[in-house]
Amino acid sequence: MTTSVQTELALGELRDSLRGPLLFPGDDSFEEATLLWNGLIEKSPALAVQPTGTADVVAAVEFARDQRLPLSVRGGAHNVGGTAVADGGLVLDMSRLRGVLVDPEARTATAQAGCLLGDVDRETQLHGLATPLGFISKVGLAGLTLGGGLGYLTRRFGWTVDNLLEVEIVTADGMVRRANAEENADLFWAIRGAGANFGVVTSFTLRLHEVGPTVYGGLIAWPFERADEILGAYRAFTADAPRELAVWMVVLRAPPAPFVPEDWRGKRVCAMPVCYSGDLDRVDEVLAPIRALGDPVFDLLAEQPYTQVQSYLDDSEPEGNHYYWKTEYLAELCDEFLSVWPSLAAECPIPEAQIGLLHLGGALGERDEDDGAVGNRDVRYACGVIGGWEPGEPGADGFPGWVRDAWQRIRRFSTGGNYINFQTADEDDERVRATYGAQFDRLVDVKTKYDPGNLFRSNRNIRPR
Ligand SMILES: Cc1cc2nc3c(=O)[nH]c(=O)nc-3n(C[C@H](O)[C@H](O)[C@H](O)COP(=O)(O)OP(=O)(O)OC[C@H]3O[C@@H](n4cnc5c(N)ncnc54)[C@H](O)[C@@H]3O)c2cc1C
């Protein structure tokens with residue numbers, strides 16, 4: 001029997017065992033099932049499965065393992081490195097699994113692995129509940145959670161994985177396992193920050209907190225010429241801000257949006273995306289240091305639904321554009337950093353670039369460093385040089401190089417850690433090791449136990465021994 005005949009037989013068995021579609025290049029839905037958010041990454045997968053339940057996931061995992069095919073899992077496809085799709089491999093596209101079950105009494109939500117962030121916020125907010133998730137509603141719950149997860153509620157409630165109670169996961173041996181603090185506790189620990197490495201997670205159970213349904217937030221911006229003053233004020237008020245207040249800071253060119261005065265469109269501004277999820281009676285007092293800066297180019301801060309604050313930036317980084325970025329974690333905003341940071345923005349040749357700062361800290365530091373693989377509990381800010389451009393933009397060949405050079409100028413301020421979910425395809429094993437620091441060897445142990453053949457390697461990879 002020839003190999004191709006064996007493969008045909010195996011494919012026939014796979015087709016028979018699936019309830020969801022098995023797709024090949026040229027099939028109607030193939031492109032949609034394997035599309036990546038980052039248009040810069042080109043991959044040619046061989047086939048895709050769109051599971052309708054855990055049994056389909058088991059069949060696909062066993063097929064890829066037995067056929068020695070590269071396997072990848074596609075959640076929201078937003079990973080900047082394009083790890084959701086394996087070249088020449090089988091893509092498990094989870095997009096048909098988007099159910100969310102909320103238990104308002106127990107304050108938990110169980111979400112299937114194909115959910116986007118907006119799917120979860122939408123259902124939990126029916127009950128005035130939420131868990132910390134990112135601030136672009138089209139990002140996938142799975143990828144975000146498995147790498148740690150951060151957003152406007154992180155200062156109050158920690159990493160997303162600090163709120164993860166349980167997962168269902170299909171491991172490389174085809175077993176369906178439950179992992180939580182008691183059952184398969186080693187696996188659960190590893191999943192909480194390095195989770196793309198150990199199997200296909202099919203559902204996530206998350207702890208919920210009272211949030212909203214309205215919060216105070218939106219976007220406010222000032223001229224870039226005031227960057228030194230604005231940054232100084234940002235450092236001062238984030239130093240003792242209440243945990244209910246999350247303020248990011250981004251230097252970018254103002255988009256041609258209706259809310260931007262016409263003469264400001266395309267000009268550089270210092271913008272602050274804001275979310276205050278505390279007592280609304282205190283909002284004036286809490287936002288006073290921001291409003292005291294005066295004379296904004298625009299001020300869209302207002303009371304609004306939490307789901308709106310979680311989605312109004314959705315179109316700021318459209319799918320299919322090219323993206324390349326570098327990020328670091330910071331323990332503080334020192335004088336030297338503040339003197340370097342605005343110059344990066346001033347010199348940036350990429351029209352749609354964003355030079356960004358996220359304020360973290362708060363609840364992150366309340367747990368032990370080894371509470372989950374995610375670590376990095378000393379981080380108080382994340383900073384990033386975010387390059388984004390349309391395909392074919394003049395000078396684009398040089399943009400990644402510029403981002404790398406700019407990154408070298410901010411690396412020396414890093415805690416030494418960085419966020420695994422922000423790593424690009426060209427970051428090496430040392431970067432992965434640096435992310436996990438002292439937890440790395442323990443992760444290798446868990447990887448060796450559950451995935452000794454490294455079936456799950458289309459990710460920021462932890463190699464088995
Ligand atoms: C525009 C934009 C905004 C962002 N904002 C935030 C933010 O606010 N907060 C934040 O924390 N991060 C943010 N991120 C980063 C984001 O967390 C990562 O890009 C993350 O990988 C996206 O998850 P995904 O499911 O969309 O990605 P995918 O590309 O589908 O998957 C990412 C990785 O996870 C693996 N994976 C996916 N599903 C599963 C599964 N079910 N089981 C096992 N492995 C799986 C994939 O194989 C892949 O390696 C943002 C990214 C973008 C592009």
Side-chain angles (χ1 to χ4, degrees), residues 33-41 43 51 54 57 60-61 70-86 89-95 97 111-119 132-154 159-161 167-172 190-191 193-204 246 248 273 275 309-311 313-321 323-325 327 354 356 358 360 374 382 384 386 388 419-425 451 455-462:
T34 58
L35 198 68
L36 294 172
W37 165 80
N38 188 357
L40 190 62
I41 311 279
K43 299 260 178 89
T54 303
V57 174
V61 165
L71 172 67
S72 67
V73 192
R74 182 177 181 274
H78 268 66
N79 188 274
V80 66
T83 49
V85 172
L90 186 160
V91 178
L92 251 177
D93 168 39
M94 307 295 274
S95 61
L97 299 170
Q112 288 185 299
C115 282
L116 306 185
L117 303 185
D119 299 331
L133 297 174
F135 52 96
I136 302 276
S137 74
K138 299 173 181 174
V139 169
L141 172 74
L144 176 131
T145 303
L146 296 172
L150 60 87
Y152 290 131
L153 301 180
T154 296
W159 301 116
T160 304
V161 288
V167 296
E168 182 189 83
I169 180 170
V170 177
T171 43
I191 283 169
N197 272 279
F198 305 99
V200 183
V201 174
T202 47
S203 73
F204 298 83
W248 304 159
C275 176
V309 173
Q310 286 286 86
S311 59
L313 292 173
D314 276 7
D315 295 330
S316 60
E317 287 166 323
E319 187 174 270
N321 273 4
Y323 297 95
Y324 185 80
W325 63 41
T327 65
Q354 300 181 16
L358 310 182
L360 299 169
V374 60
I386 315 294
Y419 188 25
I420 201 81
N421 274 350
F422 289 160
Q423 288 187 6
T424 46
D451 186 17
L455 179 64
F456 298 99
R457 60 182 180 277
S458 187
N459 46 37
R460 306 303 301 151
N461 196 223
I462 294 165

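For ligands, and for the atoms within them, numbers begin at 1 and follow the listed sequence. All values below were derived from every heavy atom in this structure, side-chain atoms included, with hydrogens, water molecules and symmetry-related copies excluded.
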Can any side-chain N or O of Tyr324 pair as donor or acceptor with the backbone N or O of Val80 at less than 3.5 Å? no
Under a strict 4.0 Å criterion on non-hydrogen atoms, which protein residues are in contact with ligand 1?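 Contacts of ligand 1 under 4.0 Å: Trp37, Val73, Arg74, Gly75, Gly76, Ala77, His78, Asn79, Thr83, Ala84, Ala113, Gly134, Phe135, Ile136, Val139, Gly140, Ala142, Gly143, Leu144, Leu146, Gly149, Leu150, Ala196, Gly199, Val200, Val201, Glu317, Trp325, Tyr419, Asn421, Phe422, Ser458, Asn459.
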The test is side-chain contact (heavy atoms from CB on, under 4.5 Å); show your working for Leu35 and Glu319 and say whether it passes. CA-CA 9 Å; Leu35 198 68; Glu319 187 174 270; 3.7 Å; yes
Given Asp314, Asp119, Asp315, the one that forms salt bridge (Lys or Arg N to Asp or Glu O under 4.0 Å) with Lys138: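 With Lys138 as partner, Asp314, Asp119, Asp315 yield a single salt bridge (Lys or Arg N to Asp or Glu O under 4.0 Å), made by Asp315.
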Are Asp451 and Thr171 close enough, and set up right, to give a side-chain contact (heavy atoms from CB on, under 4.5 Å), and what steps lead you there? CA-CA 7 Å; Asp451 186 17; Thr171 43; over 6 Å; no
Donor + acceptor pair across side chains of Asn197, Asn461 (<3.5 Å): yes
First locate atom OG1 of Thr83, then atom CD of Gln423, and finally report the distance between them rounded to the nearest 0.5 Å. 10.5 Å
